[in-house]
K.L.:
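Pasting a structure below so you can have a look.
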Amino acid sequence: MDKKNTINHESPGKFQETRFEKIHNLTYSSATKSSKLVANEIAQHIKTTVDRKFVLGLATGSSPIDVYKELVWLHQNDNLSFKNVVTFNLDEYYPISSKEAQSYHHFMRVHLYDHIDIPENQINIPKGDLTSDDIRDYCKMYENKIVSLGGLDYQLLGIGRTAHIGFNEPGSHRNSVTRLVTLDPLTLNDAAKDFNGVEKVPKKAITMGINTIMKAKRIVLLAWGNHKASVVAKTIEGPISEVAPASFLQEHPNVTFILDNEASSDLTRINTPWLVLDCEWTEVLTKKAVFWLCKRVGKSILKLTPRDYSENGLSGLINTYGSVYDLNIWMFNQVQKTITGWPGGKPKYSDENRPERANPSSKRSLIFSPHPVDDIISMGGTISRLIEQGHQVHIAYQTSGSRGVSNEHALRYIEVYLQIEPNQLNFQKLKNEILNTKEGHTDSVALRELKSFIRVSESQESARLLNLPKENVHFLSLPFYENRITKKNNPNKKDLQVISSLIEKIKPHQIFAAGNLGVPHSTQRLCWEILLSSINELKLEPFMKDCWVWMYKGGLENWDLQNIDMAVPMSPSQVNDKISLINKHQSQIDQLLVLEEDNNSILLRTSELNRSIAKEYNFLGMSEYEAIETFKRFYF
Ligand code: F6R
């Protein structure tokens, strides 16, 4: 086997740095490249199994998409045949028809089965449309069928934020087998995007059990993105427990977790490497260690003593920087330099200690927002300042965000209209569609259009409040989002053209964009990737030499302290103004709240987020601000 294309099998916990780890895991910088390794491993297994069928367990969701893409490529270009393969999918929603775009039957067809030569009768996916009387026998049959073929040779897994594998939610027993289960509220919430609202996500699923999975001869679990970091660390380093069903994998003799940098970021050796390794002290790692130390000993930067450093495994850092005094002062200045009330630069002041340039004093600032409202949530205060300080601000909404509007919310508009025009057939039809919606239903084009209009009018309202001229608000409605029912349409040239032509038209000095790089195939990530391709395409244009790119962290998250390059403070009244802006996006405030911890509205969560970073700055020894919005510079 080509060495480059293999996954290396070291046992976990073998080295000093992995001593907390109980599952073999490998981290790669790119989910796409590492998916190729996994696909190659599967292909090798398929090719070397000649005397019997190769029994392959498969997962759905965003994690394995690139593995399937590569398997299809290998089939089309490298003679990989699936004629000798029998597949068993882990799970399917219940109830759902296999024809629905959100069903796992549909997902598997689109991503894999329609493009390879596997015989139809060798494909097994749990049925989502059984009558309840048939479920028990069906599950037994599914389980027996796997056993009769000699068991799973290889099982591909993803992991949910509840630490589920398959749909084995917390509480699943080690001995569980294929069965009907109820989905955890967090899982329902994560699936809401695919179903246009949480209320339409089927509440149950049929899934292989933990025992079914554990009997597989080889298991590979894929996890990408920041949102998986804590569950991955808990699974690899924590105790074995039903509370985290994936932790049962610690007992499997041949399992590998394939992770990207974000998903592995909470592992001890990556999050706090100084506890297990002799570190190379880069600037970012130094900042991270000092902030960690401040929290650990409960002191601000300038109060840290040599003893604080040495007692907490950071003597190596002092050796690198010479003295604790120098290190503390340097750190303090680094943090202070990030703070500015002038996100477009402060005219006539030196640039030395400021994150943005003073010149040109009036800048063209182009703000990209994946969905309407991401811009306001992440940088509403900064947008107000840019406008007040005389910059020419443009906001570009990359997608219509129609999927973020609930049926209940859309119904309000429809009913108002029907009061005025009771016989309007199109609106009657939309009303019927909503009232007769079943779990697993996909919105009609007309309903999606109505939902897009709702979001356009909300964005126009917030733009009015900001005093932003109408012509400076751009609704780009990128085609990939409109054509994409469930994670199957990747962006293409048309998306790129839309973004590039706007940048070329505006010739911005500043671009702000959602740089939440964590979740592959998410709308935010795809929007960022399109922007990145466009920047690459345009970077030699003369106007791009003057263009700085700032990333805000979308998705109701703050940048980690060590990654903040610009921190824009807000006064209490500026926080209130920001809340008024978010309030204009009623469809988002109206979302059904399924999780207890989400019981705070989006408004409260946003201001909490901005307040919490201000508290952290204050704790490090900076001035006390009410709230702060944060940005990281992107260099191209
Ligand atoms: C899917 C499945 C689930 C997913 C998990 C992660 O068949 O069984 O366990 O693997 O929910 O989903 P993604 O990959 O979408 O983050």
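Note that ligands are numbered from 1 as they come in the structure, with each ligand's atoms numbered from 1 the same way.
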K.L.:
If we ignore angles and hydrogens, is there a donor and acceptor under 3.5 Å between the side chains of Y397 and S477?
P.N.:
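S477 and Y397 do not have a side-chain donor-acceptor pair below 3.5 Å.
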
K.L.:
For atom 10 (O) of ligand 1, which of G158, G225, S62 has the closest heavy atom?
P.N.:
G158

K.L.:
With a 4.5 Å heavy-atom cut-off, do F107 and I65 have their side chains touching?
P.N.:
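In short, these two side chains touch, coming nearer than 4.5 Å.
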
K.L.:
Quick one: does ligand 1 sit under 4.0 Å from the side chain of D91, the backbone, both or neither, non-hydrogen atoms only?
P.N.:
side chain

K.L.:
Any atoms of ligand 1 less than 4.0 Å from a non-hydrogen atom of G166? List them with their elements.
P.N.:
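Going through ligand 1 atom by atom, the ones under 4.0 Å from G166 are 2 (C), 3 (C), 8 (O), 9 (O).
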
K.L.:
Considering only heavy atoms of G61, which atoms of ligand 1 have at least one such atom less than 4.0 Å away?
P.N.:
14 (O), 15 (O)

K.L.:
If you count the atoms of ligand 1 from 1 in the order shown, which ones are under 4.0 Å from a heavy atom of L90?
P.N.:
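Near L90, meaning under 4.0 Å from one of its heavy atoms, ligand 1 has 8 (O).
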
K.L.:
Using heavy atoms and a threshold below 4.0 Å, how should the contact between L157 and ligand 1 be classified: side chain, backbone, both, or neither?
P.N.:
neither

K.L.:
At less than 4.0 angstrom from any non-hydrogen atom of A59, what atoms of ligand 1 do you find?
P.N.:
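Atoms satisfying the 4.0 Å criterion: 7 (O).
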
K.L.:
Just to be sure I'm reading this right: ignoring hydrogens, which of R161, H164, E169 gets closest to atom 5 (C) of ligand 1? Compare them by their nearest heavy atoms.
P.N.:
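Shortest heavy-atom distance from atom 5 (C) of ligand 1: H164.
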
K.L.:
Side chains of N168 and R179: do they bring a donor and an acceptor to under 3.5 Å?
P.N.:
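Short answer, yes.
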
K.L.:
Going by side chain to side chain contact (heavy atoms under 4.5 Å, CB included), name the residues that satisfy it together with S241, two or more places apart in sequence or in a different chain.
P.N.:
V243

K.L.:
Going by atom types only, do S29 and N261 share a side-chain donor-acceptor pair under 3.5 Å?
P.N.:
no

K.L.:
Under 6.0 Å from the ring centre and within 45 degrees of the ring axis: does the NZ or CZ of R403 meet both conditions for the six-membered ring of Y481?
P.N.:
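Judged by the rule (NZ or CZ under 6.0 Å from the ring centre, within 45° of its axis), R403 counts as positioned above Y481.
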
K.L.:
Tell me yes or no: between the side chains of T256 and H24, is some donor less than 3.5 Å from an acceptor?
P.N.:
yes

K.L.:
Looking at ligand 1, does any of its N/O atoms fall within less than 3.5 Å of an N/O of Y104?
P.N.:
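Looking only at distances, the answer is no, because the N/O contact criterion of under 3.5 Å is not met.
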
K.L.:
Mark up the atoms of ligand 1 that fall under 4.0 Å of a heavy atom belonging to K228, in ascending order.
P.N.:
6 (C), 13 (P), 16 (O)

K.L.:
If you look at every heavy atom in I530 and L496, which pair is closest and at what distance?
P.N.:
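I530 and L496 have their closest heavy atoms at O-CD1, 3.6 Å.
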
K.L.:
Please say whether H227 places an N or O atom under 3.5 Å from an N or O atom belonging to ligand 1.
P.N.:
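Among all N and O atoms of H227, none is under 3.5 Å from an N or O of ligand 1.
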
